[in-house]
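My questions all concern the structure below.
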Amino acid sequence: MGSSNTARNRADQMFPVLDPGDVARVRQFGEPRRYVAGEVLFHTGERDIGLILVLSGAVDIHQHDGTGHAVGVAHHGPGQFIGEVSGLSGKPALVDGVAAEDVEAVFLSPEQLRRLIVAEADLGERLMRALILRRASLIESCAAGPLLIAEPDDSGRARIGNFLRRNGFPFRALTPTEDPAVAEMVAAYRECPNSWPLLLLADGRLLRNPSDTDVAHALGMIGETASDRVYDVAVVGAGPAGLSAAVYAASEGLSVLVLDARGFGGQAGASARIENYFGFPTGITGQALTARGFVQAQKFGAEIAIPACVESLDCEAADGIHRLRTEDGRSWCARTVVIASGARYRRPPLDDLARFEGRGVWYWASPMEIQLCQGQEVALVGGGNSAGQAAVYLASHGCRVRMMVRGAGLAATMSRYLIDRIEANPAIELMTGTELVALEGDARGLQSVRWRRRADQSEARAPIRHVFLFIGAEPATGWLHSCRLDTDRNGFVLCGGDPAYPLATSRPGVFAIGDVRAGSVKRVGGAIGEGATVVAQIHAWLASRATEQAAATA
């Protein structure tokens with residue numbers, strides 16, 4: 001009885017019926033539209049569909065895949081609205097909308113939708129909840145998005161699946177023979193190993209072993225570059241620090257651009273469960289926490305471009321405008337820049353490491369990796385909180401985990417609650433004073449590993465096909481070489497030279513927050529706090545700059 005009530009409550013929140021008062025408020029922000037029975041309101045892939053409120057008639061929502069197979073997703077009648085999270089930013093629609101009968105409606109563009117949500121707090125909260133739950137439902141049910149076709153142990157399937165999952169994009173994963181229509185379509189590629197995995201889009205395009213950037217462009221995840229626009233703030237990095245800065249800056253009226261090379265969430269987004277973050281006594285996954293920040297930033301109008309791998313920062317222009325250039329040749333301009341690119345896990349000096357990355361060597365533990373290694377013995381290297389969370393997560397999914405740490409124990413590097421959990425789990429073997437020394441494998445991927453006991457230099461080998469590396473962090477600052485910022489001896493960005501701007505770097509108008517900053521606490525709560533704090537300093541900096549320019553003009 002309880003589960004049926006929960007499901008009914010969730011459905012009511014996903015598909016609420018607005019009362020006449022709510023309808024009147026929505027109408028103030030949109031424009032009237034009419035559609036005749038059978039008319040297509042929008043197609044999959046069409047942009048700038050914010051929200052459509054049905055006043056009379058009915059609209060059917062369908063999802064179709066690249067094979068032509070269509071599935072009904074929803075039926076909207078009077079008082080109900082059409083849309084999901086992509087409507088906040090104008091990204092491509094994931095479904096088709098067709099008038100089931102003559103329809104009168106109110107159409108809201110993404111900008112109008114954002115204005116409505118901010119201006120009408122109570123109604124906006126209900127709308128946001130429905131939009132988020134609808135996207136979550138599409139992800140959970142695999143009822144929209146592309147088809148990812150590959151064998152379950154294909155490393156490319158894990159790579160692309162992780163990219164889509166970490167960016168909150170729904171998809172369905174299939175083996176080449178699972179669906180007859182798919183099997184016939186991809187039969188010509190069975191003997192072409194370099195073609196796999198395949199990604200079949202809703203419009204029938206078939207991508208062969210695409211890169212993450214190829215996938216993002218094909219799915220319309222990357223917006224258009226406005227080369228003539230100057231943003232108030234450009235944030236590089238969409239982890240907790242960067243998203244926090246984007247939320248606070250955009251909510252206070254600043255124009256905000258967020259760039260990230262891979263996906264929102266950063267290292268925190270890959271955490272299986274964060275249990276020591278204030279306000280979540282039962283814990284929350286890193287993906288869930290950062291996904292909320294991702295949507296929240298869009299709610300306030302922040303523009304987010306992912307993937308956008310920043311290659312250089314020019315912070316010496318005479319006009320004081322900072323220019324960022326990405327690896328694919330795009331450029332962006334901003335009055336201030338917030339460096340929130342974080343830190344990445346170190347790569348140990350092992351022969352053939354690059355050869356096995358994505359083919360048995362992983363830097364995060366997510367449901368996609370679980371599909372590859374569930375029930376198997378795995379090796380996990382590292383002794384910090386992220387390593388502990390990953391070890392517990394892997395063990396909870398049937399893996400036997402060999403947890404290797406160079407030191408004598410975990411007390412100096414890991415939270416006590418995680419240590420207790422590891423010690424109590426018989427599926428986790430803690431191997432102290434141990435280091436990984438060799439990876440062995442072939443064209444199929446990693447097949448075995450060797451490790452060494454530091455006490456007596458003895459070595460051992462085991463047929464382990466999956467290794468998870470969490471061995472400390474190094475700053476993601478390679479793209480800053482052109483800006484010549486002051487850093488410490490480990491490459492982390494130094495801040496605080498000017499007491500008025502504690503988070504300012506050695507270059508005017510450039511700030512650093514989160515894990516990339518020298519002296520940061522390397523905690524999610526600290527990163528989010530710095531994201532909020534830096535916005536006050538940006539306001540002060542922009543005001544000071546405007547005063548200087550006014551004086552110079554006078």
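None of these values were measured; they are calculated from a predicted model.
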Is Glu303 salt-bridged to Arg229, going by a charged N under 4.0 Å from an acidic O?
-> yes

Pair Ser89-Gln298, side-chain donor/acceptor within less than 3.5 Å = yes

In terms of side-chain heavy atoms, does His539 have a donor or acceptor partner in Glu252 at a distance below 3.5 Å?
-> yes

Do you know the tightest heavy-atom contact between Val118 and Lys299?
-> CG2-O, 4.2 Å

Contact check, side chains of Leu108 and Ile52, non-hydrogen atoms, under 4.5 Å | no

Electrostatic pair Lys522:Asp515 at N-O distance under 4.0 angstrom | no

Compare all side-chain heavy atoms of Arg172 with those of Leu148 and state whether any distance is below 4.5 angstrom.
-> no

Locate the shortest heavy-atom distance separating Phe264 from Ile306; write the atom from each residue and the value.
-> N-CD1, 3.7 Å

NZ or CZ of Arg166 within 45° of Trp364 ring axis and under 6.0 Å = yes

Checking side-chain contact (heavy atoms from CB on, under 4.5 Å) against Ile160, which of Pro210, Ser211, Pro146 comes through?
-> Pro210

Going by atom types only, do His62 and Asp96 share a side-chain donor-acceptor pair under 3.5 Å?
-> no

Identify the two heavy atoms, one from Arg34 and one from Glu39, that lie closest to each other, and give their separation to 0.1 Å.
-> O-OE1, 4.3 Å

Side chain of Lys91, backbone of Met221: donor and acceptor closer than 3.5 Å?
-> yes

Under the 6.0 Å and 45° cation-pi test, does Arg33 pair with Phe107?
-> yes

Side-chain contact test, heavy atoms from C-beta onward, threshold under 4.5 Å: evaluate it for Arg157 versus Gln371 and give yes or no.
-> yes

